[in-house]
Amino acid sequence: MTAVDVARIRDDFPILDQLINGKPLVYLDNAATTQKPRPVIDAISNYYLHNNSNVHRGVHTLSQRATDDYEAGREAIRRFINAPDASEIIYVRGTTEGLNLVASSYGRKFFKAGDEVIITGMEHHSNIVPWQILGKEIGIRLRVIPFNDQGELLMDEYEGMLNDRTRLVSVVHQSNALGTINPVSAIVELAHARGVPVMLDTAQSVPHMPIDVQDLGVDFATFSGHKMYGPTGIGVLWGRADLLNEMPPYQTGGEMIRSVTFEETIYNVLPHKFEAGTPDIAGAIGLGAAVEYLEAIGMGRIAAYEQALMRYGAERLAEIEGVRLIGTAANRGGVLSFYMEAAHAHDIGTILDAEGIAVRTGHHCAQPVMARYEIPATVRASLSFYNTTEEIDALIKGIDRVIEVFG
Ligand SMILES: Cc1ncc(COP(=O)(O)O)c(C=O)c1O
């Protein structure tokens with residue numbers, strides 16, 4: 001587990017070095033948002049200190065510097081996910097906006113009443129609601145792939161759902177509530193055999209494992225900067241150029257136009273067609289720095305380290321009577337979601353906070369997952385490469401404290 005030099009890495013994250021309620025902070029809420037390393041913070045402050053200017057429109061030096069750095073971020077992201085071309089990298093606010101963009105633009109253009117979109121039963125609300133809205137507006141039907149008690153998709157059911165009315169399969173890569181890593185290649189193979197494109201919600205996978213969109217074979221992928229050690233307010237939609245080129249703009253205004261008269265507007269080329277208005281320039285630059293930071297550690301090493309940490313945590317949790325792990329798929333990432341009959345998740349979270357331990361409690365914006373297990377909420381400890389086995393031990397001690405209080 002030492003392939004990642006955690007002690008050195010933790011020095012890059014100043015926020016981790018503090019006491020919360022008199023105890024060293026144990027930050028285990030990484031699926032909600034990750035902390036930011038110094039190079040990301042420095043890249044953002046460097047932009048505001050030295051280069052602040054609007055992009056793409058200026059001939060002056062500051063504008064050119066800002067544009068170069070903004071576009072360098074795009075190229076870094078292209079490389080990171082092995083997209084064929086930087087023009088396919090669309091800056092958005094985050095995963096939610098990426099999903100809404102595809103639903104709004106692709107869906108409104110290509111779907112008609114009676115068409116079907118397939119999702120899984122473990123989607124974040126962001127990959128449910130945009131399609132539901134199209135259901136109300138256009139009359140499309142949402143089909144949901146169920147999963148077993150471990151949290152693994154029932155692939156036979158999926159295969160049976162694909163038919164001549166299927167227009168899109170939009171699935172989560174790694175579930176934020178269960179940790180399940182879904183079998184993307186098999187999902188894509190079945191969809192593509194029927195000519196159906198696949199959209200992948202990679203919010204929880206891009207920060208934790210090597211992602212190659214060409215290797216995965218998907219047609220769209222979207223993720224959030226703030227979950228991958230970058231800033232909030234910035235994220236990415238990647239799509240195949242031929243699909244993006246056929247899609248109408250999502251929002252309109254500056255930068256997405258080539259020319260405007262009162263009679264007609266000619267749209268700009270990719271990626272600008274989808275980037276209306278002044279973008280989050282500092283965010284894009286910060287995200288570029290986050291990508292470089294992750295590349296320097298190595299995504300393969302990150303995945304291996306977090307796997308080992310998750311397995312250790314799952315074993316320790318399994319030893320505690322009264323703790324039920326929710327999400328035990330054979331292939332899963334660094335998420336430890338659990339339920340205790342003895343105490344409500346929010347009470348557990350409050351006791352853990354008193355011990356300096358930050359976890360998330362609730363339905364994790366995946367209420368259908370809670371319904372599937374007939375529980376109101378879970379406590380979720382979600383891991384990063386800066387977490388340690390000692391921090392898992394602190395979590396276990398915190399849970400012992402919960403048992404002392406609630407019996
Ligand atoms: C799997 C998944 N999809 C989508 C989202 C939404 O991400 P954002 O709020 O950054 O748009 C999240 C956030 O928790 C997520 O975990």
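Order of listing sets the numbers, starting from 1, for every ligand and every atom in it.
- Nearest non-hydrogen protein atom to atom 11 (O) of ligand 1 is T96 OG1, 2.6 Å.
- Close approach of ligand 1 to A203 (heavy-atom distance below 4.0 Å) involves ligand atoms 2 (C), 3 (N), 15 (C).
- Nearest protein heavy-atom neighbour of atom 15 (C) of ligand 1: H124 CD2, 3.4 Å.
- With H364 as the fixed residue, the side-chain contact (heavy atoms from CB on, under 4.5 Å) test singles out one of H124, R380, H125: R380.
- For S126, the heavy-atom gap to ligand 1 drops under 4.0 angstrom.
- For the pair R74 and E275, the salt-bridge criterion is met [side-chain N within less than 4.0 Å of a carboxylate O].
- Between the side chain of T388 and the main chain of E391, a donor-acceptor pair closer than 3.5 Å is present.
- For ligand 1, the polar-atom distance check finds an N/O of D201 within less than 3.5 Å of one of the ligand's N/O atoms.
- Between Y70 and H56, the gap from one ring centroid to the other is short of 6.0 Å.
- Heavy-atom contacts of N176 reach the following atoms of ligand 1: 16 (O) (cutoff under 4.0 Å).
- Taking distance alone, with nitrogen or oxygen atoms compared against 3.5 Å, H226 approaches ligand 1 more closely than that limit.
- Counting only heavy atoms of the protein, atom 16 (O) of ligand 1 lies nearest to Q204 NE2, 2.7 Å.
- A salt bridge links R108 with E137: at least one charged nitrogen is closer than 4.0 Å to a carboxylate oxygen.
- Between atom CZ of residue R316 and atom CD of residue E319 there is a gap of 5.5 Å, rounded to the nearest 0.5 Å.
- Near V172, meaning under 4.0 Å from any of its heavy atoms, are these atoms of ligand 1: 1 (C).
- Heavy-atom proximity to S224, at under 4.0 Å, picks out these atoms of ligand 1: 7 (O), 8 (P), 10 (O), 11 (O).
- The closest approach between K227 and ligand 1 falls below 4.0 Å for a heavy atom of the residue.
- Ring centers of F385 and Y229: under 6.0 Å apart, within the cut-off.
- Under 3.5 Å, the side chains of N30 and H208 contain no donor-acceptor pair of N or O atoms.
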